Number of protein chains: 2
Amino acid sequence: MAITIRDVAKRAGVAPSTVSRVIADNPSISEKTKNKVRAVMKEMNYFPNIYAQGLASAHSKTFGLVLPLATDAFYQNPFFPTVLRGINFEMAKHDYSILLSVGLDDDQRQKHIEKIVNGKQVEGLIFLYASKNDPLLRFAQKVNCPAVVIGSPDNTKVHFVDNDNELIGYQATKSLIQQGCTRIAYVGGDMNQFFIADRHNGYKRALEGAGIIYDPSLIYNDINFLPSDGYELAQNKIDFSQIDGLVISDELVAEGIRNYLDTQDIQDVHLITFSAYRQGNTQSMIKTSYVNLNSHIIGSRAVDILFEALDPDQASTRFIHEYVDADLHTT
Amino acid sequence: MAITIRDVAKRAGVAPSTVSRVIADNPSISEKTKNKVRAVMKEMNYFPNIYAQGLASAHSKTFGLVLPLATDAFYQNPFFPTVLRGINFEMAKHDYSILLSVGLDDDQRQKHIEKIVNGKQVEGLIFLYASKNDPLLRFAQKVNCPAVVIGSPDNTKVHFVDNDNELIGYQATKSLIQQGCTRIAYVGGDMNQFFIADRHNGYKRALEGAGIIYDPSLIYNDINFLPSDGYELAQNKIDFSQIDGLVISDELVAEGIRNYLDTQDIQDVHLITFSAYRQGNTQSMIKTSYVNLNSHIIGSRAVDILFEALDPDQASTRFIHEYVDADLHTT
DNA sequence: ATGAAAGCGCTAACAT
DNA sequence: ATGTTAGCGCTTTCAT
């Protein structure tokens with residue numbers, strides 16, 4: 001058997017509860033006692049049994065992280081590790097752990113979530129995606145499990161954190177307009193994804209604000225989120241003689257498009273895209289501006305919101321919808 | 001308070017221990033009793049408290065997953081979600097959970113691992129990367145925590161699963177030779193990473209076996225693992241008039257190179273690369289063969305090996321080094 | 001095949 | 001400021 005709180009207490013000449021209070025850094029324990037107990041803990045290489053703590057305190061100090069299905073191209077996007085870094089950062093600060101939701105299909109995933117939520121292994125859930133009519137999210141709401149979504153779900157009765165996609169679509173487009181562009185195309189993606197639709201709406205509003213007519217033939221939504229997709233789109237679909245600016249929703253797609261333009265020596269088109277973080281290492285002939293999405297902040301805010309939601313002071317039913325600021329970088 | 005095993009027992013007219021046995025599907029309980037108890041569990045929406053189970057049984061049914069630092073380009077590689085899928089699959093089968101290792105630097109990560117290992121929150125660790133002289137791996141060994149590395153670490157006293165990188169480097173190169181190539185370049189990466197060095201060695205051996213002289217000027221190792229890196233390499237460094245074949249260690253890099261070749265209408269060069277899984281959606285002018293690494297199997301084998309390592313029957317000290325078969329696909 | 005009872009290692013009143 | 005004590009909800013001998 002491993003070494004327990006009683007062993008430490010005995011050796012330190014105090015009661016187990018005192019050791020427990022030292023672990024929790026309870027202010028009612030004198031510094032002197034704390035130091036003595038801590039010395040003994042170190043000396044004996046004592047570590048509290050997390051499951052015993054969890055059982056006794058009814059706090060698992062763990063959040064569940066719900067990922068999209070592993071086949072999703074999502075994982076290849078810098079957004080994922082960036083937001084994960086933000087979550088890590090905040091969780092580490094609070095000394096909380098992250099439990100991954102396991103499962104290869106919705107049914108498996110739901111069973112697992114059910115188990116860890118009802119089994120009190122997690123105190124809350126972070127959804128790392130927002131999809132339409134998500135059964136897992138519905139489940140979390142049904143069992144009244146605190147949850148926060150990263151992205152904008154089709155469900156306002158839930159906490160979520162996201163960029164203001166309409167706004168950044170607007171700002172990005174406006175920035176191109178201010179640089180003198182008048183024929184601006186938009187490369188989006190699946191319009192069922194809200195952030196795509198929202199950025200598109202912002203794009204549209206910016207055009208209207210500048211008195212530029214919205215031309216549906218300049219909208220490219222039939223595309224996935226990989227560089228090769230952008231490359232092929234640029235090669236086969238886009239007529240660059242017709243445009244002088246391009247708003248690109250996905251940064252990997254933008255990379256593919258930029259690659260294509262470089263080879264063709266097309267230089268008279270402005271690009272703007274949205275970036276989870278700045279790599280800064282791509283030298284290109286093309287003028288590429290970007291909107292920094294500060295995705296790591298999205299991650300850390302999501303964690304904070306979950307802590308707020310856990311707070312028992314918050315008797316009332318309310319939902320936090322938070323938008324993280326993005327900042328524009330023009331070149 | 002939530003509903004407990006006693007509540008179920010009372011309602012089912014049995015002892016708590018009987019309910020516990022039903023949960024564990026203990027064969028000494030009659031089918032009749034099992035059915036009755038299960039019905040009551042369902043009726044009362046009972047879920048066992050995982051922390052209470054863990055405390056009483058001394059089994060957390062959880063493995064820790066140690067990821068590389070979140071800034072790593074690793075996350076953008078299809079390898080990551082693919083191997084994660086394999087891990088998921090196997091863990092779900094065994095009804096185990098995955099706890100993520102939290103922390104933004106080695107020190108934080110080590111503290112966290114120390115806590116979850118000594119605190120009995122995890123029964124073993126899966127390292128999702130292999131780096132030289134890894135302090136976290138050393139730590140796991142020091143505290144005698146069962147661990148398995150995905151990749152080939154510089155440490156043979158540990159379990160690991162990987163592809164046989166020397167062999168697949170050899171096979172890939174040989175395949176080009178059989179297709180008639182004689183001037184074959186190799187695009188690798190950081191030679192400090194063992195899989196890069198190993199694939200390179202296989203490449204070298206294949207050349208020697210065919211009587212082709214190894215030409216250091218055809219080796220490109222100064223490159224990162226993103227499509228843009230491949231693109232730039234192809235554009236600025238590689239003289240395609242000098243070669244007729246190209247072995248490319250990383251599939252994203254290969255994508256970038258292929259993009260470049262497509263734009264230049266260079267078609268008289270064979271490409272071969274290594275792929276975590278087959279996307280199959282890239283139509284290119286270039287002949288691209290690939291070695292399917294079956295990375296999802298690497299993930300599931302890693303989990304199985306950890307279970308083996310946990311098995312108390314294995315009194316002896318031994319280390320499993322397992323190589324997952326890759327298969328060659330030529331076009 | 002099932003029940004009774006003793007913990008697992010910790011926290012949290014309640015004392016003092 | 002610290003000790004005493006009674007659980008937290010489950011598993012697991014040991015009985016029968």
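Remember, predicted model here, so these are calculated numbers, not experimental data. Just so we're on the same page: letters track the sequence lines, and every chain starts at 1.
Donor-acceptor pairing under 3.5 Å, judged by distance alone, is absent between the side chain of A:Arg6 and the base of D:dT5.
For B:Ser17 and C:dA5, the shortest distance from a side-chain N or O to OP1 or OP2 is not below 4.0 Å. Side-chain N/O atoms of B:Ser57 include none lying less than 4.0 angstrom from OP1 or OP2 on D:dC10. Using a 4.0 Å cut-off, no side-chain N or O of B:Tyr51 falls inside it from OP1 or OP2 of C:dT11. Residue A:Thr18 has no polar side-chain atom (N or O) positioned under 4.0 Å from OP1 or OP2 of D:dT2.
The side chain of B:Leu55 lies closest to D:dG9, out of C:dC10, D:dG9, C:dG3. Which of D:dG9, C:dT11, D:dG3 sits closest to the side chain of A:Ser20 comes down to C:dT11. Checking D:dG9, D:dT2, C:dC10 against the side-chain heavy atoms of A:Thr33 singles out D:dT2 as nearest.
Summarising the geometry, the separation between NZ on A:Lys34 and C1' on D:dA1 is reported as 11 Å, rounded to the nearest angstrom. Remark: P of D:dT2 and CG of A:Asn35 are 11 Å apart, rounded to the nearest angstrom. As a whole-Å value, the separation of A:Phe47 CZ from C:dC8 C1' is 20 Å. Atom CZ of A:Arg21 is separated from atom C1' of C:dT11 by 9 Å (rounded to the nearest Å). Summarising the geometry, the separation between CE on A:Met41 and P on C:dC10 is reported as 11 Å, rounded to the nearest angstrom. Computed from coordinates, the B:Ile3 CD1 to D:dC8 C1' distance equals 16 Å when rounded to whole Å. Protein atom CD1 of A:Ile29 is 12 Å distant from nucleotide atom P of C:dT11, rounded to whole Å. Note: CD1 (B:Ile5) to C1' (D:dG7) measures 16 Å, nearest angstrom.
Nucleic acid contact for A:Ser30: sugar-phosphate only, since backbone atoms but no base atoms lie under 4.0 Å from a heavy atom of the residue. Nucleic acid contact class of A:Gly13 (heavy atoms, under 4.0 Å, all strands): sugar-phosphate only. Within the 4.0 angstrom heavy-atom criterion, only backbone atoms of the sugar-phosphate kind lie near A:Val14; the bases stay farther away.
Using cut-offs of 30° and 60° on the angle between ring planes, the pair B:Tyr51 and A:Tyr51 is parallel. Using a 30° and 60° split on the angle between ring planes, B:Tyr96 and B:Phe63 fall in the tilted class, from 30° to 60°. Below 30°, between 30° and 60°, or above 60°: for A:His94 and A:Phe307 the angle between ring planes is below 30°, a parallel geometry.
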Salt bridge (Lys or Arg N to Asp or Glu O under 4.0 Å) between A:Glu114 and A:Lys142, intermediate numbers included: CA-CA 11 Å; A:Glu114 193 163 15; A:Lys142 199 186 87 192; 5.9 Å; no
Step-by-step salt bridge (Lys or Arg N to Asp or Glu O under 4.0 Å) determination, B:Arg301 to B:Asp304: CA-CA 5 Å; B:Arg301 291 304 305 148; B:Asp304 277 341; 3.1 Å; yes
